[in-house]
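Heavy-atom basis, side chains included; hydrogens, waters and symmetry copies ignored. Convention: sequence-line order gives letters A, B, ...; per-chain numbering from 1. What you see is a predicted model; the values in this text were computed from it and never measured.
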Amino acid sequence: MAKNIVSNARIAELLGEMAELLELAGENYFHFRAYQKAAQIVAGLTASAAAMTDEELTEVRGIGKSLAAHVAAIAATGAFPELEALRKKLPPGLPELLKVQGIGAKRAKLLYEKSGVDSVAKLKELSEKGELEKLDGFGKKSEENILSAVKFREQAGDKRMLHWEARVIAEELLKLAASLGLEKAAYAGSLRRGRETVGDIDILAVGRPDGTATEKFSKLDRVEKVLSVGPTKCSVILKDGIQCDLRVVPANLYGSAMNYFTGSKEHNVALRGLALKMGLTLSEYGLCKLADKEHKKPVASRTEEEIYKALGLAYIPPELRENRGEIELARKRALPELIELSDVKGDIHNHTAHSDGAATMEEMLARAAALGFKWYFCGDHSKPLAIANGMDYKKYEETRAELAALSKKFPKLKTGRSIEMEIMKDGSLGFSAKEAAKVDFVVGSVHSAFKMPEAEMTDRIIKALPAVDAIAHPSGRLLGKREGFTFDYGKVFEAAARAGTAFEINGQPDRQDLTDVTARKAKEAGVKILLSTDAHAAAQLDYMSMAVTVARRAGLTKSDVLNTFSYEELLTWIKRRRAKR
DNA sequence: GCCGTTTTCGGCCCGACTGTTTTCAGTCG
């Protein structure tokens with residue numbers, strides 16, 4: 001395999017940019033859509049697209065001869081000549097304009113051609129001078145809205161919100177449903193699908209579509225700005241800095257509306273295509289016969305389950321709705337039975353005040369017991385991570401004795417003492433091999449020298465594998481803050497499968513790493529997955545549900561995940577694994 | 001640019017809301 005092979009993420013990025021530029025250039029809708037779709041498909045592949053043959057690529061739905069050739073060219077040279085040619089043709093600031101609310105490709109093109117607007121700064125200038133409203137198709141109102149959108153962007157940037165933060169806000173809003181006169185409400189959109197970050201919060205509610213609920217919603221205290229409000233739909237920007245859309249439907253359309261509002265867009269497009277082939281049409285107003293233009297007698301609309309059934313599919317959980325092959329699996333009744341939070345019996349990677357946690361061992365145990373965990377490995381950092389007060393083996397033994405004594409207060413909770421072990425630059429550990437072998441559960445982590453070359457990082461992790469039971473937050477990324485390090489996932493997972501070492505999905509809202517894509521790849525390589533809270537406070541043990549969400553997106557089942565094991569099964573797994581080395 | 005249980009050509013998902021318009025295009029999800 002070639003060195004420094006072009007990543008799927010990079011290929012997807014280039015294809016996505018191509019789609020954007022083609023749209024700006026006024027290309028045929030379906031032409032640029034094909035690039036857009038291909039970008040998403042490549043981003044979701046577990047195999048390396050750059051390493052695939054032409055035949056393998058064209059076998060992927062949505063990638064034909066032409067796109068396969070582009071991918072191959074990018075893989076071979078790292079360059080995409082057609083894209084570069086287009087970049088030269090269009091002003092570089094034009095794609096930026098699309099990020100302003102209310103500006104699409106047509107308006108961006110018109111702004112550039114009529115007024116030479118090729119940057120957000122120039123757009124702002126034009127609207128401030130009152131020149132924008134003089135353009136065809138624009139008016140006073142458009143000018144105001146665009147100026148306000150530009151200012152909002154300057155302030156908020158285009159950052160997406162972490163899944164967990166958005167989930168907390170959404171759940172607070174849902175509590176207000178009754179006071180808005182709504183029968184029931186739930187969040188939909190990318191939040192329901194469990195995406196790691198979300199761009200807006202979508203709320204679907206059952207109620208009378210007479211505009212009272214949307215009107216009240218638009219006047220809530222936490223609303224910063226109203227974007228639109230109609231009888232059934234309302235879009236606002238919250239003071240929390242995120243857009244929130246409310247949609248109100250009657251109870252009999254809840255299923256079709258939920259399906260439509262959950263997306264993903266690509267999943268919905270594929271479902272609608274499937275419906276069309278069956279002489280049906282799918283929208284938020286139900287799955288209807290083509291002739292039933294008014295949606296008078298839906299074939300299915302009340303629940304999502306009946307819609308999937310009527311399309312000849314098994315029910316597809318929201319986390320899988322990304323058009324990454326789930327529809328085909330649903331047709332063949334071959335969808336994985338996804339892990340649920342209730343399958344999880346305990347947590348292994350977490351911290352107490354003995355290293356850098358906020359809570360005592362007892363507080364952590366109490367919370368674990370309250371959550372209904374069957375077992376709990378109480379963790380802390382190893383030396384030499386001084387910033388986190390990492391401990392040596394002597395202190396490990398002392399605190400293990402303390403834990404054993406404390407455990408008597410929680411008779412229903414089986415316990416163990418775990419260590420988040422430093423993986424040094426050369427792949428050795430923070431403890432000696434002898435010491436590490438005596439630790440109840442060793443979770444290995446890289447916390448230093450993130451910038452080492454990919455090949456060295458690959459060797460570093462592979463070298464550490466036999467001595468650690470699991471690898472924690474494998475890429476070291478912090479969403480929105482730090483990119484993390486890279487290594488050859490294929491090679492490392494292969495070695496991990498041989499060593500029997502598990503890989504972690506970390507439930508910290510800004511980590512969520514392994515990702516949905518890399519966790520799927522780990523599973524395919526035969527690597528077990530560990531779900532962790534990495535809790536640094538008792539309340540953070542709730543992050544287990546974040547880790548489960550990522551696991552579900554990765555298509556993991558109960559048997560793929562260590563946390564579903566009984567205490568005895570887990571001990572056996574650890575023993576067998578260590579016997580291998 | 002992709003794709004095929006009518007098809008290798010001619011389709012390609014559907015609707016709400018807004019603003020600028022006198023019937024609709026653009027944007028968004």
Side-chain angles (χ1 to χ4, degrees), chain A residues 15 18-19 22-23 27-39 41 57-71 82 97-111 132-146 149 188-191 193 198-204 209 211 214 218 226-236 243-249 253 256-257 259-288 290 293-295 312 323 331:
Chain A
L15 293 175
M18 185 70 177
L22 284 170
E23 187 182 5
E27 266 292 335
N28 172 290
Y29 174 83
F30 299 100
H31 187 170
F32 70 77
R33 274 285 295 162
Y35 279 89
Q36 226 170 56
K37 262 160 71 177
I41 290 164
L57 278 169
T58 47
E59 269 172 32
V60 178
R61 265 181 99 74
I63 297 181
K65 262 176 94 173
S66 168
L67 274 160
H70 289 318
V71 170
E82 290 83 354
L97 289 180
L98 299 179
K99 293 184 178 162
V100 176
Q101 186 119 30
I103 306 276
K106 298 236 168 70
R107 283 181 153 184
K109 195 162 178 264
L110 185 126
L111 282 164
L132 195 62
E133 66 165 307
K134 294 176 190 159
L135 285 176
D136 271 356
F138 290 83
K140 189 92 201 136
K141 198 84 190 172
S142 311
E143 187 173 83
E144 275 171 31
N145 286 342
I146 285 167
S190 54
L191 186 57
R193 298 201 312 280
V198 300
D200 57 15
I201 295 172
D202 299 310
I203 293 179
L204 177 69
T214 47
S218 72
V226 178
L227 297 173
S228 72
V229 53
T232 64
K233 197 182 153 187
C234 175
S235 288
V236 302
Q243 182 172 331
C244 181
D245 300 336
L246 171 71
R247 187 77 181 254
V248 181
V249 300
L253 299 182
S256 46
N259 183 251
Y260 152 76
F261 221 17
T262 296
S264 68
K265 203 172 162 183
E266 286 65 33
H267 176 86
N268 287 355
V269 168
L271 282 188
R272 284 169 175 166
L274 187 63
L276 276 181
K277 279 186 203 154
M278 299 170 75
L280 300 165
T281 164
L282 179 63
S283 75
E284 56 263 56
Y285 298 104
L287 183 65
C288 299
L290 273 177
K293 295 257 189 279
E294 311 279 311
H295 310 110
N323 199 26
R331 200 201 324 266

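When all heavy atoms are compared, the tightest approach of A/Gly62 to A/Leu67 is O-CD1, 3.9 Å. Taking both residues in full, the closest heavy atoms of A/Arg193 and A/Thr262 are given as NH1-O, 2.7 Å, listed atom of the first, atom of the second, then distance. Residue A/Pro231 comes nearest to A/Thr214 through the heavy atom pair O-OG1, 3.8 Å, listed as atom of the first residue, atom of the second, then distance. In this structure, A/Cys234 and A/Ser218 approach most closely via the heavy-atom pair SG-CB, 3.8 Å.
As rounded to whole Å, 13 Å separates atom P of B/dG4 from atom CG of A/Leu274. Remark: P of B/dC28 and CD of A/Gln243 are 10 Å apart, rounded to the nearest angstrom. Rounded to a whole Å, the CD1 atom of A/Ile146 is 11 Å from the P atom of B/dG19.
Summarising the base pairing, B/dT8 is matched to no nucleotide, lacking a Watson-Crick or G-U wobble pair whose two defining distances lie under 3.5 Å.
Here the side chain of A/Lys106 is nearest to one of B/dC2, B/dG26, B/dG19, namely B/dG26. In this structure, of B/dG19, B/dG29, B/dC12, it is B/dG29 that holds the atom nearest to the side chain of A/Asp200. With B/dG29, B/dC17, B/dT20 as the choices, the nucleotide that has an atom nearest any side-chain atom of A/Thr232 turns out to be B/dC17. Ranking B/dG15, B/dG29, B/dG1 by closeness to the A/Ser283 side chain, first place goes to B/dG15. Closest contact between the side chain of A/Gln101 and the listed nucleotides B/dT20, B/dT27, B/dG29 involves B/dG29. Looking at the side chain of A/Pro231, the nearest of the listed nucleotides B/dC17, B/dC2, B/dG19 is B/dC17. Closest contact between the side chain of A/Ser142 and the listed nucleotides B/dT20, B/dG15, B/dC14 involves B/dT20. Proximity note for A/Arg247 (side chain, C-beta onward) versus B/dG19, B/dA16, B/dT27: the nearest is B/dA16. Here B/dA16 is the nucleotide among B/dT20, B/dC2, B/dA16 with the atom lying nearest to any side-chain atom of A/Glu284. In this structure, of B/dG15, B/dG29, B/dG19, it is B/dG29 that holds the atom nearest to the side chain of A/Asp202.
Taking atom P in both B/dG11 and B/dT7, one finds a spacing of 15 Å when rounded to whole Å.
With contacts defined as side-chain heavy-atom distances shorter than 4.5 Å, the pair A/Phe261/A/Val249 does not qualify.
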